Amino acid sequence: MTIADKNELRHPPYDQSSGPAWLAAELRDHLWPWAGKGQPARKAIQGAGFALALAATIAWVMAALGHLSAGAIIGWWFGWSVFEVLVRLDAKPYVKEGPWWGRLYRRASVMDMLCYVSFKNLLIGAALFIGLKTAGILQV
């Protein structure tokens with residue numbers, strides 16, 4: 001792979017959207033790692049990803065019900081994050097180039113995807129933890 005191939009510009013299917021449609025597509029792109037229409041992906045990775053996502057969701061529900069400790073939920077969330085990197089590299093192998101509000105995308109390297117997924121899931125996990133802790137549900 002040459003440097004030109006690594007920096008190849010990529011465009012998600014919603015690239016030309018605007019307004020509420022663009023915002024909805026951005027949210028879906030960040031929260032749903034699997035391929036959409038017109039995006040190729042391996043079915044085995046998608047199937048395993050759905051199963052692991054379901055398990056991570058059940059873990060969050062169990063934490064919300066007070067049946068799972070903070071350490072256990074962190075472990076599940078870390079496991080999901082590692083697998084999400086594989087899913088995204090297969091289904092959506094691009095990251096945003098430049099400012100977050102921009103519309104320039106490029107092919108993601110493994111390190112790009114590790115950084116993107118780690119930071120995104122850290123923010124989502126922190127918001128969920130704060131919500132559960134504020135509600136008095138999560139036992140630390």
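Because the structure is predicted, anything quoted here is derived from the model rather than measured.
Ring-plane geometry between Y94 and Y105 is classed as perpendicular, the angle between the planes exceeding 60 degrees on a 0 to 90 degree scale with a lower cut at 30. Ring-plane geometry between W80 and F83 is classed as tilted, the angle between the planes lying from 30 to 60 degrees on a 0 to 90 degree scale.
Of all the heavy atoms in S118 and L114, the pair that sits closest is OG-O, 2.6 Å. Shown here for K92 and D29, the closest heavy-atom pair between the two residues is NZ-OD1, 3.1 Å. P33 approaches A91 most closely through the heavy-atom pair O-CB, 3.7 Å. Heavy atoms only, all atoms of each residue included: L89 and S109 are closest at CD2-O, 4.1 Å.
Look at R107 and D112 and you find no salt bridge, because none of the NZ, NE, NH1 or NH2 atoms lies under 4.0 Å from a carboxylate O. With respect to the salt-bridge test (charged N to carboxylate O, under 4.0 angstrom), the residues E26 and K96 qualify.
Residues meeting the side-chain contact (heavy atoms from CB on, under 4.5 Å) test with L122, sequence neighbours left out: none. Remark: F78 engages no residue in a ring-ring contact (aromatic ring centres under 6.0 Å, His included) (not counting sequence neighbours). When the ring-ring contact (aromatic ring centres under 6.0 Å, His included) test is applied to Y116, the partners found at least two apart in sequence or on another chain are H30.
By the criterion of side-chain heavy atoms lying less than 4.5 angstrom apart, applied directly or through intervening Ile, Leu, Val, Met, Phe, Trp or Tyr residues, V61 is not grouped with I130; the two fall into different hydrophobic clusters. A continuous path of Ile, Leu, Val, Met, Phe, Trp and Tyr side chains, each step under 4.5 Å between heavy atoms, connects I124 with I73, placing both in one hydrophobic cluster. Under the 4.5 Å side-chain contact rule for hydrophobic residues, V110 and V82 do not share a cluster. V87 and M111 end up in different hydrophobic clusters when Ile, Leu, Val, Met, Phe, Trp and Tyr side chains are linked at under 4.5 Å. V85 and W32 fall into different hydrophobic clusters, defined by Ile, Leu, Val, Met, Phe, Trp and Tyr side-chain heavy atoms under 4.5 Å apart, directly or through other members.
Counting only residues at least two apart or in different chains, side-chain hydrogen bond (donor to acceptor under 3.5 Å, both in side chains) contacts with residues 70-79 are absent. Judged as a side-chain hydrogen bond (donor to acceptor under 3.5 Å, both in side chains), the pairs with a partner in residues 121-130 (not counting sequence neighbours) are, in order, S81-N121, E84-N121. The salt bridge (charged side-chain N to carboxylate O under 4.0 Å, His left out) contacts involving residues 56-72 comprise nothing, where partners must be two or more places apart or lie in separate chains.
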Please step through side-chain contact (heavy atoms from CB on, under 4.5 Å) for the pair L86 and D90, ending with a clear verdict.
CA-CA 6 Å; L86 299 175; D90 181 54; over 6 Å; no
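The side-chain contact (heavy atoms from CB on, under 4.5 Å) test with W60 is passed by exactly one of L68, L128, L65: L128.
The CG atom of L54 lies 11.0 Å from the CZ atom of F50; values are rounded to the nearest 0.5 Å. In this structure, CE on M113 lies 6.5 Å from CZ on R88, to the nearest 0.5 angstrom.
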